[in-house]
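A short worksheet on the structure shown next.
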Amino acid sequence: GEGVMDRLHGIGGSDTGDLFQIEPYGCARRLWYEKRGVEPDYPEPENAHMKRGKKLEDLAAEEFAEATGTTVRRSTIEWEHPYAPMMAHVDRLAADKTVVEIKIPARWNWIRIKRNGLPESWLLQGQHYCETLDYNRVVYAVQSVDPWEQFQLTVERDHELGKAIVAKAQDFWKQVKEGPAPVAFDPGDRRCAGCAYRNTCHGADYASLLVHFQDREGDPIAPEAAPELSGELGVYREAKALADEATAVAEETREALTKA
């Protein structure tokens, strides 16, 4: 993926979900702050998802090569679009101008992606890569850690979508250079609750704008006005992640039983 400093100089593939404000995480205004080099109110430390991806990427790439019989090579350069403010660091490359994008989501998310298809932000990321590198397709290697299991999905280049990404990137980069900032979400949007720029965006009294310290979906957040709740919030989020995984596994098992 793109390094932090490199990403200040253009729109990376992983930025595309923000560019198009794809739920549940995408926010063009946050991206605008990042690209202008604004210091975040709450710097985001490397989380478990990021660590998992970095530490297991090579193993997942080996799994992909073994499972598909495909020879892959690491790409060590920063690719730049010939005229748009777009750049890319891709995971692996293969023959016939193919990008191999490795994803290692949590188990519950892996199950849902296998059932329901790739997230829209991942599809946009892949088309960004095709457009920037002038490649033909993206193969997604989606790896589960426990149990160790992988599936692959191939998405061909969509030239019309690529043109739309280029146009959007050009318009956005003009905003980065000249302003104005993209319109902010309502403070109750769940994307705002954990945003590193929530005070810069909504004001220092952001927490007071929220109703009962919940986002609009009803999930509790960690407002600065109640730091004593941060420990309980961590327990809640861990329990919710376990519940999501249990639900996904139950759905997968039920589906398998109905096909038996």
Side-chain angles (χ1 to χ4, degrees), residues 1-51 53-54 81 84-89 103 105-106 109 119-129 132 164-211 213-225 230 233 237:
E2 292 80 22
V4 174
M5 293 307 297
D6 292 338
R7 290 176 61 191
L8 294 175
H9 304 126
I11 304 297
S14 57
D15 295 326
T16 319
D18 285 326
L19 194 65
F20 286 85
Q21 305 206 123
I22 303 301
E23 292 194 61
Y25 305 114
C27 176
R29 190 177 177 96
R30 181 183 65 239
L31 185 64
W32 186 85
Y33 286 131
E34 290 178 359
K35 298 305 179 182
R36 288 175 69 95
V38 176
E39 192 72 22
D41 306 314
Y42 304 94
E44 297 176 336
E46 186 177 52
N47 59 36
H49 174 75
M50 297 174 185
K51 291 179 181 178
K54 286 182 179 179
H81 194 277
M86 293 163 52
M87 39 74 63
H89 288 281
K103 298 293 188 183
N109 200 22
E120 190 174 358
S121 60
W122 291 10
L123 292 169
L124 286 169
Q125 180 182 11
Q127 292 304 313
H128 171 291
Y129 289 157
T132 302
I165 293 171
V166 166
K168 193 80 167 177
Q170 289 174 317
D171 290 344
F172 179 79
W173 205 250
K174 185 176 180 181
Q175 282 185 281
V176 170
K177 296 298 185 183
E178 304 173 9
V183 176
F185 291 123
D186 179 275
D189 192 294
R190 71 187 315 162
R191 284 170 283 196
C192 299
C195 178
Y197 296 97
R198 53 190 178 272
N199 287 358
T200 297
C201 183
H202 291 296
D205 60 345
Y206 165 69
S208 68
L209 302 175
L210 303 170
V211 178
F213 302 145
Q214 295 179 334
D215 63 27
R216 68 182 182 187
E217 279 75 19
D219 280 334
I221 63 170
E224 291 66 47
S230 60
L233 181 67
R237 287 177 172 164

So which atom in [X] and which in [Y] form the shortest heavy-atom distance, rounded to 0.1 Å?
X      : Y      : result
Asn109 : Pro105 : ND2-CB, 3.9 Å
Trp32  : Pro180 : NE1-O, 3.8 Å
Asp15  : Gly10  : OD2-O, 3.9 Å
Arg198 : Gly194 : NH1-C, 3.6 Å
Cys192 : Phe185 : SG-CB, 3.8 Å

[X] to [Y], cation-pi by 6.0 Å centre distance and 45° axis angle:
X      : Y      : result
Lys35  : Trp173 : no
Arg191 : Tyr25  : no
Arg30  : Tyr197 : no

Nearest-0.5 Å distance that lies between atom [atom1] in [X] and atom [atom2] in [Y]:
X      : Y      : atom1 : atom2 : value
Gln175 : Phe172 : CD    : CZ    : 6.5 Å
His128 : Ser121 : NE2   : OG    : 13.5 Å
Leu31  : Ser14  : CG    : OG    : 9.0 Å
Leu124 : Thr16  : CG    : OG1   : 6.0 Å
Thr132 : Ile11  : OG1   : CD1   : 10.5 Å
Phe20  : Ile165 : CZ    : CD1   : 5.5 Å

The test is side chain to side chain contact (heavy atoms under 4.5 Å, CB included); show your working for Gln125 and Glu120 and say whether it passes. CA-CA 9 Å; Gln125 180 182 11; Glu120 190 174 358; over 6 Å; no

Looking at [Y], is its backbone amide N or carbonyl O close enough to the side chain of [X] to form a donor-acceptor pair, meaning the two atoms are under 3.5 Å apart?
X      : Y      : answer
Gln21  : Ala28  : yes
Arg29  : Val183 : no
Asn199 : Asp41  : no
Asp18  : Cys27  : yes
Arg36  : Tyr33  : no

Just do the side chain to side chain contact (heavy atoms under 4.5 Å, CB included) check on Met87 and His81 with the steps written out, would you? CA-CA 6 Å; Met87 39 74 63; His81 194 277; over 6 Å; no

Salt bridge (Lys or Arg N to Asp or Glu O under 4.0 Å): which pairs involve residues 166-183, sequence neighbours left out?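 Every pair satisfying salt bridge (Lys or Arg N to Asp or Glu O under 4.0 Å) with a residue in residues 166-183: there are none.
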
Using the test side chain to side chain contact (heavy atoms under 4.5 Å, CB included), find all partners of Pro24 that sit at least two apart in sequence or belong to another chain. none

Who pairs with Ala106 by side chain to side chain contact (heavy atoms under 4.5 Å, CB included), at least two apart in sequence or on another chain? Arg52, Trp108

Is any side-chain N of the basic residue among Arg190 and Glu23 closer than 4.0 Å to the acidic one's carboxylate O? no

